[in-house]
A.B. asks: 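For reference, the structure I am asking about is given below.
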Amino acid sequence: MDWVKIIHILCVMGWMTSIFAVPRALIYWKREYTRLDEFGPLGDLTIRLYRFSAGLAVIAVITGLWLGWFWDWAGWVHLKIALVALLAVHYVWTGRMVMRARRGLFRESELFLRIFNEISVLGVIAVLWVVVVKPF
């Protein structure tokens, strides 16, 4: 049981790194693309970070669901799953932006990407609050 928690936390940490870093990396990638007028090393790094974290996200979800089952699907677990689902939507949206950027299409402004990035922080704070406080 403890090993499942450890693996879950480790994979969540890796996934969160991508959730926090990739929207910010898109800002710098967009600047690099504008300057070089071609795909550069920041784009490659951003794509690799996003892809690597996808595997971690899958493991985090699987171990999280196993833990939810272990805790008899308490009310707070349902809320956590709902919040994690919203973070997953954010992650998929980020992936769509990465794939467009790979084709040289940067539609979002720097301001949008900065706000988009901060929304994920609020989501993670909400998940952490639910896990620590277990409101119901």
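Worth saying up front: this structure is predicted, and the values here are computed from it rather than measured.
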A.B. asks: Quick one, M97 and L113 - any side-chain contact, counting heavy atoms below 4.5 Å?
C.D. replies: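 When only atoms from C-beta onward are counted, L113 and M97 do touch, with a gap below 4.5 Å.
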
A.B. asks: Would you say V124 and L87 make side-chain contact, with heavy atoms under 4.5 Å?
C.D. replies: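 They are in contact (side-chain heavy atoms under 4.5 Å apart), so the answer is yes.
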
A.B. asks: Enumerate the residue pairs fulfilling side-chain hydrogen bond (donor to acceptor under 3.5 Å, both in side chains) with a member in residues 21-43, sequence neighbours excluded, ordered by first and then second residue.
C.D. replies: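 Applying side-chain hydrogen bond (donor to acceptor under 3.5 Å, both in side chains) to every pair that reaches into residues 21-43, excluding sequence neighbours, yields R31-E110.
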
A.B. asks: Enumerate the residue pairs fulfilling side-chain hydrogen bond (donor to acceptor under 3.5 Å, both in side chains) with a member in residues 115-124, sequence neighbours excluded, ordered by first and then second residue.
C.D. replies: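 Qualifying pairs: none.
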
A.B. asks: Quick one: side-chain hydrogen bond (donor to acceptor under 3.5 Å, both in side chains) pairs with a partner in residues 96-105, sequence neighbours left out?
C.D. replies: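 side-chain hydrogen bond (donor to acceptor under 3.5 Å, both in side chains) check on residues 96-105 returns R100-E108.
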
A.B. asks: For a quick test of reading the model, state the closest non-hydrogen atom pair linking T46 to A25 and the distance between them.
C.D. replies: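 Scanning both residues, the minimum pair turns out to be OG1-CB, 3.4 Å.
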
A.B. asks: Apart from M13 itself, which Ile, Leu, Val, Met, Phe, Trp or Tyr residues share its cluster (side-chain heavy atoms under 4.5 Å, direct or through members)?
C.D. replies: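 Cluster partners of M13: I9.
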
A.B. asks: Taking a hydrophobic cluster as the set of Ile, Leu, Val, Met, Phe, Trp and Tyr residues connected by side-chain heavy atoms closer than 4.5 Å, whether directly or through intermediates, do M16 and I7 fall within one such cluster?
C.D. replies: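 No, separate clusters.
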
A.B. asks: Which Ile, Leu, Val, Met, Phe, Trp or Tyr residues join L10 in one cluster when any pair of side-chain heavy atoms under 4.5 Å counts as a link?
C.D. replies: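 Traced through the cluster, L10 reaches no other member.
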
A.B. asks: Starting from L111 and following side-chain heavy-atom contacts under 4.5 Å between hydrophobic residues (I, L, V, M, F, W, Y), which residues can be reached?
C.D. replies: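 I115, I119, all in the cluster of L111.
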
A.B. asks: Can V98 be reached from L36 by stepping across I, L, V, M, F, W or Y side chains whose heavy atoms are under 4.5 Å apart?
C.D. replies: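 No, because L36 and V98 fall into different hydrophobic clusters, even though each may have its own neighbours under 4.5 Å.
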
A.B. asks: Are I125 and V12 connected in a single hydrophobic cluster, I mean Ile/Leu/Val/Met/Phe/Trp/Tyr linked by side-chain heavy atoms less than 4.5 Å apart?
C.D. replies: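 Same cluster.
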
A.B. asks: Using residues 129-136 as the side-chain source, report each donor-acceptor pair under 3.5 Å to any protein atom, sequence neighbours left out, with the distance given to one decimal.
C.D. replies:
unit_1: K134; atom_1: NZ; unit_2: V131; atom_2: O; d: 2.8

A.B. asks: If you look only at distance, which donor and acceptor atoms sit under 3.5 Å apart when one is on a side chain in residues 53-74 and the other is two or more places apart or in another chain?
C.D. replies:
unit_1: S53; atom_1: OG; unit_2: S18; atom_2: OG; d: 2.9
unit_1: S53; atom_1: OG; unit_2: L49; atom_2: O; d: 3.2
unit_1: S53; atom_1: OG; unit_2: Y50; atom_2: O; d: 2.8
unit_1: S53; atom_1: OG; unit_2: Y91; atom_2: OH; d: 2.8
unit_1: T63; atom_1: OG1; unit_2: H8; atom_2: ND1; d: 3.0
unit_1: T63; atom_1: OG1; unit_2: I59; atom_2: O; d: 2.9
unit_1: T63; atom_1: OG1; unit_2: A60; atom_2: O; d: 3.1

A.B. asks: Going by ring pair (Phe, Tyr, Trp, His ring centres under 6.0 Å), name the residues that satisfy it together with H90, two or more places apart in sequence or in a different chain.
C.D. replies: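 With neighbours one apart ignored, the set is F116.
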
A.B. asks: Please list, chain by chain and in numerical order, all residues satisfying side chain to side chain contact (heavy atoms under 4.5 Å, CB included) with L45, sequence neighbours excluded.
C.D. replies: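 So L45 forms no side chain to side chain contact (heavy atoms under 4.5 Å, CB included) with any residue.
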
A.B. asks: Under a single-linkage definition using a 4.5 Å side-chain heavy-atom cutoff for Ile, Leu, Val, Met, Phe, Trp and Tyr, are F52 and W15 assigned to the same hydrophobic cluster?
C.D. replies: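 Looking at the clustering, W15 is in a separate group from F52.
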
A.B. asks: Under the 4.5 Å side-chain heavy-atom rule for ILVMFWY, direct or indirect, which residues accompany V89?
C.D. replies: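 None; V89 is a cluster of one.
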
A.B. asks: How close do A101 and L26 get, counting heavy atoms only, and between which atoms?
C.D. replies: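 Heavy atoms of A101 and L26 come nearest at CB-CD2, 3.9 Å.
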
